[in-house]
There are 2 protein chains.
Amino acid sequence: MSLPHAILTALLEKPSSGLELTRRFDRSIGYFWQATHQQIYRELGKLEQAGHIRVLPSPQPTRGQRKEYEVLPAGREELASWVDRREEPRAVRDPLLLRLRAAAATGGGADLDEELRRHLLLHREQLAAYREIERRDFPPERRISREDRLRHVVLRGGIELESFWITWLSDTLSELSGGPGGPDGVRPDATADGA
Amino acid sequence: MSLPHAILTALLEKPSSGLELTRRFDRSIGYFWQATHQQIYRELGKLEQAGHIRVLPSPQPTRGQRKEYEVLPAGREELASWVDRREEPRAVRDPLLLRLRAAAATGGGADLDEELRRHLLLHREQLAAYREIERRDFPPERRISREDRLRHVVLRGGIELESFWITWLSDTLSELSGGPGGPDGVRPDATADGA
DNA sequence: CTGTCCATGTAAGCGGTTACATGATTTT
DNA sequence: AAAATCATGTAACCGCTTACATGGACAG
């Protein structure tokens, strides 16, 4: 039950139309939550009906025309109460880990190295993108409000998660290529991480 | 589309009944994939209908009685082909990160520290549990087959993910308590990680 | 024979994904 | 006028979650 809260957060940061929200979910918000435009439009309808948001009257919403939403007090209160709620940590559910275990069970997966290297590359690119955001939005000398700190630690979470994957994938490639059934020695590109 | 493959993997490792599978999903398999008994029974039905698994005739399956399943060659082939397939890395979708961002947007979340500390504790417990498994199942002197290595790197993934959370939560607690709006100085229990 | 546990299911609802539809605006 | 793009939707499907139902085995 987090999508409505993600949308409320995004609208609090800046009132937007559905398509603008979609683009923001593809960018900064997408670092920790994804949503397609279909999800977003459906949820905007629900939130409006619940009295949590409203359509701004200014851009005169006719059919097929852009509708800009803003958060109402009730929506802000709902979001604030959700922030203070207890929630259990989300359990891991990762298909790649499962596939390695499946490879162990079938005895197959001879070409897994290639897939692991492909993922390694993707995570390195993602990490570079996050670091660029960090450089741009959180320069070290900046005066730091509590809000900026919160946003920064969230980004740090994304950065460190990507770093985890890069380290783990590199170690896994070494581990799997190091023994019988693979070429001996450690692959040079598997140990140099993207930092 | 990973649940059927998780079940095939589990059944390859050891033929089981639905309830036994449920328990195994609460334990070792649950480190990277979760499923409730309802999901499992439904999926067992589908897999049987698809000719990927079958009921063992030995425990004489009558109504309300235990039914033990095993993987058929077609199921093994399906699993093997899935292992070799390409799949994009799963994107992050974590409510806790979202809640921090929401706290930045509302300006609230004064009690977030408590929730972060609670998560920190839970992750430390999980990490300890994984380390215990590692100690028991993967002693250092062991002869290592490719299969053992695969299972070990999967467990290492779980261990390192928990370590990531512990580090990030500790850093975040320091960061948020260190400045204006919180007590000055770094909390001693926030920097000592559970390793 | 009653309650409890074991084991297998059914049903309803929700969130996420994919594909398709439609009106308005801008470009060529 | 046609094509491309912007913007807002609808519909169908699938997986996951929660709650409830049913039947057999066993203990008191």
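Keep in mind it's a predicted model, so treat the numbers as computed, not measured. To find a chain, count down the sequence lines: A is the first, B the second, and so on, and within it residues start at 1. FYI, side chains are in, hydrogens and waters are out, and symmetry mates aren't considered; it's all heavy atoms of this structure.
Atom-to-atom, CZ of B/Arg66 to P of D/dC26 comes out at 14 Å; the value is rounded to the nearest Å. If you take CG of A/Leu44 and P of D/dT8, they are 9 Å apart, rounded to a whole angstrom. Between A/Leu3 atom CG and D/dC16 atom P the separation is 18 Å, expressed in whole Å. Going from atom CD of A/Glu20 over to atom C1' of D/dG9 covers 17 Å, rounded to whole Å. The interatomic distance linking B/Lys67 (NZ) with D/dG24 (P) rounds to 14 Å, in whole Å. Atom CD1 of B/Ile7 and atom P of C/dT8 are 13 Å apart (whole Å). Residue A/His37 contributes atom NE2, which lies 12 Å from atom P of C/dA19 at whole-angstrom precision. For the pair A/Phe25 CZ and C/dG15 C1', the interatomic distance rounds to 14 Å; values are reported in whole Å.
Relative to the side chain of B/Gln38, the nucleotides D/dG9, C/dG15, C/dG9 differ in distance, and C/dG9 lies closest. Listed candidates were C/dG15, D/dG9, D/dT17. Nearest to the side chain of B/Arg42 is D/dT17. Nearest nucleotide to the side chain of B/Leu19, out of C/dT8, D/dG15, D/dT8: C/dT8.
Residue A/Gln39 has a polar side-chain atom (N or O) positioned under 4.0 Å from OP1 or OP2 of C/dT17. Distances shorter than 4.0 Å separate some side-chain N or O of A/Tyr41 from OP1 or OP2 on D/dT8. Within the 4.0 Å cut-off from OP1 or OP2 of C/dC14, not a single side-chain nitrogen or oxygen of A/Lys46 is found. Proximity of B/Gln65 to the phosphate of C/dA7: no side-chain N or O atom is located under 4.0 Å from OP1 or OP2.
If you check distances only, the side chain of B/Arg93 never reaches the base of C/dG16 with a donor-acceptor pair under 3.5 Å.
As judged by a 4.0 angstrom heavy-atom cut-off over every strand, A/Gln34 is placed among residues making no nucleic acid contact.
A salt bridge does not link A/Arg86 with B/Glu115: every distance from a Lys NZ or Arg NE/NH1/NH2 to an Asp or Glu carboxylate oxygen is 4.0 Å or more. Under a 4.0 Å N-O distance rule, the pair B/Glu78/B/Lys46 does not qualify as a salt bridge. Using a cutoff of 4.0 Å between basic side-chain nitrogens and carboxylate oxygens, B/Glu68 and B/Arg54 are not scored as salt-bridged.
Looking only at side-chain heavy atoms (C-beta outward), B/Thr36 and B/Gln39 come within less than 4.5 Å of each other.
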Is there a side chain to side chain donor-acceptor pair (under 3.5 Å) between B/Ser145 and B/Asp148 once you walk through the steps? CA-CA 5 Å; B/Ser145 64; B/Asp148 283 334; 3.3 Å; yes

